[in-house]
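Residue numbers run from 1 in the order of the sequence given. This structure is a prediction, so every number in the text was calculated from the model and none was measured.
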Amino acid sequence: MVLSPLCRPGVNVVRALFLDPEIHEAHGSETATAGVVAALRALVGPDVEDPPLAELVGELSVKSERFRRLWARHDVKPKAGSGTSTFQHPQVGPLELSYEKLAVTGTEGQLLVVYHAVPGSPAEQALALLSGLAGDVGGAGDSGNSGGTEQSGRSSRSGSGAAGREPSPNGWLRS
């Protein structure tokens with residue numbers, strides 16, 4: 001985990017947001033969950049009969065009243081190409097990061113998401129601290145890095161100037 005429990009291999013963001021109590025507590029506001037469901041509908045477009053999507057929607061509809069209600073509204077709203085996201089990190093607290101989404105040419109719906117902190121902000125200082133911690137945990141040491149850039153961890157949502165892939169429609173569905 002670099003920025004959030006959501007940012008680790010094998011985590012289905014939609015499932016975790018609605019079914020994992022810890023993640024729901026940190027990120028599951030009514031606005032956030034409504035936005036995720038509307039963005040999921042936008043990503044899948046006309047492919048609502050996709051088996052992994054049907055399985056995910058079925059599971060969430062049975063286990064989460066909030067998801068069931070939001071899915072039934074049929075809201076469709078793609079996530080903006082840029083904006084800010086706040087991650088609640090267990091070691092450094094809230095991280096407010098700006099992001100830009102860039103389409104990856106030649107792929108089906110893949111996006112490159114670049115997160116960065118405003119220079120001089122508390123988030124920039126927290127990312128520098130996390131960079132040092134990630135270097136210590138990784139066993140590779142600091143190698144002369146001043147701590148201003150991300151050195152290890154999952155590339156998706158991994159810090160100042162780092163980039164990751166936004167899930168394709170099916171990427172939202174895999175666990």
Side-chain angles (χ1 to χ4, degrees), residues 1-40 42-43 60 64 66-67 70 77-104 109-168 171-175:
M1 171 185 58
V2 175
L3 294 180
S4 165
L6 288 170
C7 301
R8 64 182 193 265
V11 172
N12 177 296
V13 175
V14 178
R15 180 180 287 115
L17 185 61
F18 287 95
L19 301 182
D20 183 312
E22 186 178 313
I23 291 173
H24 183 76
E25 178 69 27
H27 304 284
S29 71
E30 186 68 29
T31 302
T33 54
V36 165
V37 172
L40 178 63
L43 281 171
L60 293 175
S64 170
R66 180 182 274 180
F67 177 85
L70 292 170
K77 184 177 182 188
K79 286 201 160 223
S82 64
T84 59
S85 287
T86 301
F87 296 89
Q88 186 62 39
H89 194 279
Q91 292 174 301
V92 297
L95 295 168
E96 185 173 319
L97 303 175
S98 299
Y99 66 85
E100 300 288 332
K101 292 183 178 184
L102 310 165
V104 178
Q110 293 292 312
L111 298 172
L112 177 69
V113 182
V114 181
Y115 285 89
H116 58 93
V118 173
S121 68
E124 183 185 52
Q125 295 168 358
L127 287 175
L129 176 61
L130 286 174
S131 176
L133 293 173
D136 291 343
V137 170
D142 195 27
S143 303
N145 178 27
S146 66
T149 60
E150 180 67 25
Q151 292 295 307
S152 66
R154 182 175 164 156
S155 62
S156 176
R157 299 181 179 104
S158 60
S160 180
R165 287 187 313 150
E166 180 79 2
S168 68
W172 282 88
L173 309 178
R174 293 189 185 111
S175 55

Problem - Residue pairs involving residues 25-37 (criterion salt bridge (Lys or Arg N to Asp or Glu O under 4.0 Å); sequence neighbours excluded) - result: E30-R66, E30-R69

Completion exercise
Smallest heavy-atom separation, L60 atom then R15 atom, equals CD2-CA, 4.0 Å

Problem - Counterpart residues, side-chain contact (heavy atoms from CB on, under 4.5 Å), relative to P122 (two or more places apart) - result: none

Practice task
Work out which heavy atom in A16 is nearest to a heavy atom in I23; give both atom names and the distance.
Solution key: CB-CD1, 3.7 Å

Fill in the blank from the handout: One should read off an interatomic distance between L17 CG and H24 NE2, to the nearest 0.5 angstrom, of 7.0 Å

Handout entry: Heavy-atom closest pair, residues V14 and N12
Key = N-OD1, 3.1 Å

Exercise for the section: Indicate the atoms forming the closest heavy-atom contact of Q125 with G120, along with that distance. Expected result: NE2-O, 4.2 Å

Problem - Candidate pair L95 and L127, rule side chain to side chain contact (heavy atoms under 4.5 Å, CB included), full reasoning - result: CA-CA 8 Å; L95 295 168; L127 287 175; 4.3 Å; yes

Completion exercise
With sequence neighbours left out, the residues meeting side-chain contact (heavy atoms from CB on, under 4.5 Å) with L102 are L112, V114

Fill in the blank from the handout: Across all chains, not counting sequence neighbours, the side-chain contact (heavy atoms from CB on, under 4.5 Å) partners of S29 are T31, A32

Exercise for the section: Kindly give the heavy-atom pair with the smallest separation between A123 and E96, and that separation in Å. Expected result: CB-O, 3.4 Å

Handout entry: Heavy-atom donor-acceptor pair, H89 side chain to P94 backbone, under 3.5 Å
Key = no

Handout entry: Partner residues of F67 under the ring-ring contact (aromatic ring centres under 6.0 Å, His included) criterion, sequence neighbours left out
Key = F18, W71

Practice task
Can you measure from NZ (K77) to CG (L40) and round to the nearest 0.5 angstrom?
Solution key: 15.5 Å

Completion exercise
Residues at least two apart in sequence or cross-chain that pass side-chain contact (heavy atoms from CB on, under 4.5 Å) with E100, listed by chain then number, are S82

